[in-house]
Engineer: 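After the structure tokens below, expect a handful of questions from me.
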Amino acid sequence: MDKLLIEGGVRLAGETAISGAKNAALPILCAALLTREPMTFTNVPQLNDIDTLLKLLGQMGVKVSRDNATVTLDASAIDNPVAPYEMVKTMRASILVLGPLVARCGEARVSLPGGCAIGARPVDQHIKGLQAMGAQVTVEHGYVHAVVPRLRGARLFTDMVTVTGTENLMMAACLADGETVIENAAREPEVVDLANCLVAMGARISGAGTDVIRIRGVERLNGATHRIMPDRIETGTYLCAAAATGGEIRLTRTSTAYLDAVVDKLMDAGCDVVAERDAIRLKAPARLTAVNIRTSPYPAFPTDMQAQFMAINAVASGAAMIRETIFENRFMHAVELQRLGADIRIDGNTAVVQGVERLQGATVMATDLRASASLVIAGLVAEGETVIERIYHLDRGYERLEEKLAALGARVRRVA
Ligand code: UD1
């Protein structure tokens with residue numbers, strides 16, 4: 001199993017380009033299931049999660065072709081509307097095929113994702129929404145089985161804000177009979193990117209980016225070309241890495257547009273952040289000031305940046321409180337950061353981080369995608385060598401991580 005070796009203590013400096021957003025690409029590639037015509041997607045990141053999804057679509061009968069960041073999907077014939085357990089268990093976002101499959105084929109069998117390291121993460125809201133739209137849904141042998149001749153528009157209300165739930169129901173509603181209103185909808189920029197793609201396909205959607213989305217169903221959708229938005233979490237992760245090392249970097253092919261909450265905290269921590277056209281510059285002080293964090297749905301501070309801020313707080317001056325309100329078990333990185341010398345106390349969904357002068361390199365284990373990113377940041381500032389095991393988590397969500405970090409001067413390499 002691959003490991004990442006990081007020689008810490010280098011101040012990051014230079015420029016690197018940000019990839020397309022994983023969390024936008026996953027639902028948007030699933031949208032291809034809604035049309036018989038070919039779809040072309042550009043700026044698709046090359047990540048294990050994308051490979052998994054393309055494999056899943058391929059085994060349903062979708063013709064997949066790929067040339068670097070461009071993916072073409074032809075779902076003219078779907079012969080097997082099933083997402084098997086073997087695939088769903090490696091990537092929970094596979095549930096995103098459920099809505100489009102039911103809408104297009106009138107039937108879908110999708111394995112329940114089960115638990116994952118960061119919490120239980122059920123899909124009851126996805127199911128409740130489809131039922132309200134007239135689907136007969138049963139859960140048998142670990143699979144969600146949904147059947148309906150044609151979905152009908154409905155008023156949907158989700159009990160909590162759910163990103164993939166909103167996306168699944170918005171996609172399903174595009175081909176339903178009549179109008180669907182999703183209340184308490186997720187406002188994440190990735191939901192808006194998906195809506196933009198669906199509109200290019202002929203869907204009639206208004207309100208994406210607010211908490212009430214209206215979709216007027218149409219008989220069929222057409223093919224289209226769509227460019228995936230930049231990855232705001234990858235952007236935020238590199239900004240944190242530079243900030244923690246007292247560095248000065250420029251990130252291209254991205255924007256601060258969807259990063260207000262993160263940029264605000266980096267500025268509170270003492271960084272200068274300048275928005276350019278399609279680029280961001282950050283200059284960090286020699287030592288950051290600790291900043292309090294509370295995660296919440298967009299536009300508040302994203303849970304996917306919580307672990308990275310725990311790493312920067314670990315070496316900042318002062319103490320900070322981090323509250324995680326989205327997932328019940330998302331502090332696994334804390335014990336690994338402690339192995340590097342961080343001073344962190346956990347009480348329920350709150351972590352208190354007392355900044356220390358320095359961390360020391362050690363062997364640590366990645367437990368989930370963003371937790372791994374926090375260990376990379378900690379490794380970059382720690383004295384000596386840090387070895388991060390199980391980096392397959394990083395490969396799910398960070399394209400060419402070592403290459404990009406090396407471009408910024410980091411001493412990092414992958415070993416088998
Ligand atoms: C998406 C993102 C993930 C991010 C998360 C929160 C993708 C592919 N993944 O995950 O990176 O961390 O949003 O911003 O976009 N819930 C239920 N029942 C449901 C659905 C959700 O109880 O049917 C709960 C979850 O357990 C969680 C909360 O709602 O506590 C939010 O989860 P949700 O927004 O659905 O996360 P994902 O869409 O899976």
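Both ligands and their constituent atoms are indexed starting at 1 by order of listing. These numbers come from the heavy atoms of this one structure, side chains and all, not from hydrogens, waters or symmetry mates. Bear in mind that the values here come from a model prediction, so they are computed numbers and not experimental data.
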Engineer: Considering only NZ, NE, NH1 and NH2 on the basic side and carboxylate oxygens on the acidic side, decide whether Glu219 and Arg150 come within less than 4.0 Å.
Structural biologist: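 Yes.
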
Engineer: Quick one: list whatever passes ring pair (Phe, Tyr, Trp, His ring centres under 6.0 Å) with Tyr398, sequence neighbours left out.
Structural biologist: none

Engineer: Could you see which bit of Arg92 sits under 4.0 Å from ligand 1, with heavy atoms only: side chain, backbone, both or neither?
Structural biologist: side chain

Engineer: With heavy atoms only and a cut-off of under 4.0 Å, state how Asp304 meets ligand 1: side chain, backbone, both or neither.
Structural biologist: side chain

Engineer: Test your reading of the structure: does Asn23 have an N or O sitting under 3.5 Å from an N or O of ligand 1?
Structural biologist: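 Yes, there is a polar N/O contact under 3.5 Å.
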
Engineer: Could you pull out every donor-acceptor pair under 3.5 Å between side chains of residues 19-34 and any protein atom, sequence neighbours left out?
Structural biologist:
from  : atom 1 : to     : atom 2 : distance (Å)
Ser19 : OG     : Glu399 : OE1    : 2.5
Ser19 : OG     : Lys404 : NZ     : 2.8

Engineer: Can a side-chain donor-acceptor contact be found between Gln125 and Thr158 if the only test is distance below 3.5 angstrom?
Structural biologist: no

Engineer: Within a distance under 4.0 Å of any heavy atom of His126, pick out the atoms of ligand 1 and give their elements.
Structural biologist: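 By the 4.0 Å cutoff, the relevant atoms are 23 (O).
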
Engineer: Taking C-beta and beyond as the side chain, do Met60 and Leu101 meet within less than 4.5 Å on heavy atoms?
Structural biologist: yes

Engineer: By number and element, which atoms of ligand 1 are closer than 4.0 Å to a non-hydrogen atom of Gln125?
Structural biologist: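 Counting atoms of ligand 1 from 1, those under 4.0 Å from Gln125 are 18 (N), 19 (C), 23 (O).
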
Engineer: Could you list which atoms of ligand 1 come closer than 4.0 Å to a heavy atom of Thr303?
Structural biologist: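 Ligand 1 atoms under the 4.0 Å threshold to Thr303: 6 (C), 12 (O), 14 (O).
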
Engineer: Who's closest to atom 16 (N) of ligand 1 heavy-atom-wise, of Met160, Gln306, Lys128?
Structural biologist: Met160

Engineer: Looking at ligand 1, does any of its N/O atoms fall within less than 3.5 Å of an N/O of Ile326?
Structural biologist: yes

Engineer: Could you tell me if His145 and Glu107 have a donor-acceptor pair between their side chains, going purely by distance under 3.5 Å?
Structural biologist: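 A donor-acceptor contact under 3.5 Å links the two side chains.
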
Engineer: Based purely on interatomic distance, does Lys22 place a nitrogen or oxygen under 3.5 Å from a nitrogen or oxygen of ligand 1?
Structural biologist: no

Engineer: Compare Pro122, Ala186, Gly165, Ser296 and give the one whose heavy atom is closest to atom 21 (C) of ligand 1.
Structural biologist: Pro122

Engineer: Look up atom CD1 in Ile215 and atom CD in Glu179, then write down how far apart they are to the nearest 0.5 Å.
Structural biologist: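 So the gap between those two atoms works out to 8.5 Å.
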
Engineer: Would you call Asp49 and Arg92 a salt bridge, taking side-chain N to carboxylate O under 4.0 Å as the test?
Structural biologist: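 No, Asp49 and Arg92 are not salt-bridged.
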
Engineer: Could you check His333, His393, Arg330 and say which one makes a side-chain contact (heavy atoms from CB on, under 4.5 Å) with Arg370?
Structural biologist: Arg330

Engineer: So, is Thr162 polar-close to ligand 1, with some N/O to N/O distance under 3.5 Å?
Structural biologist: yes

Engineer: With atoms numbered from 1 as shown, which atoms in ligand 1 lie under 4.0 angstrom from a non-hydrogen atom of Val161?
Structural biologist: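 Listed by number with element: 31 (C), 34 (O).
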
Engineer: For ligand 1, does Arg330 get within less than 4.0 Å through its side chain, its backbone, both, or neither, judged by non-hydrogen atoms?
Structural biologist: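 It is the side chain that touches ligand 1; the backbone stays farther off.
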
Engineer: Would you indicate which of Val123, Leu53, Val163 comes nearest to atom 34 (O) of ligand 1 when only heavy atoms are counted?
Structural biologist: Val163

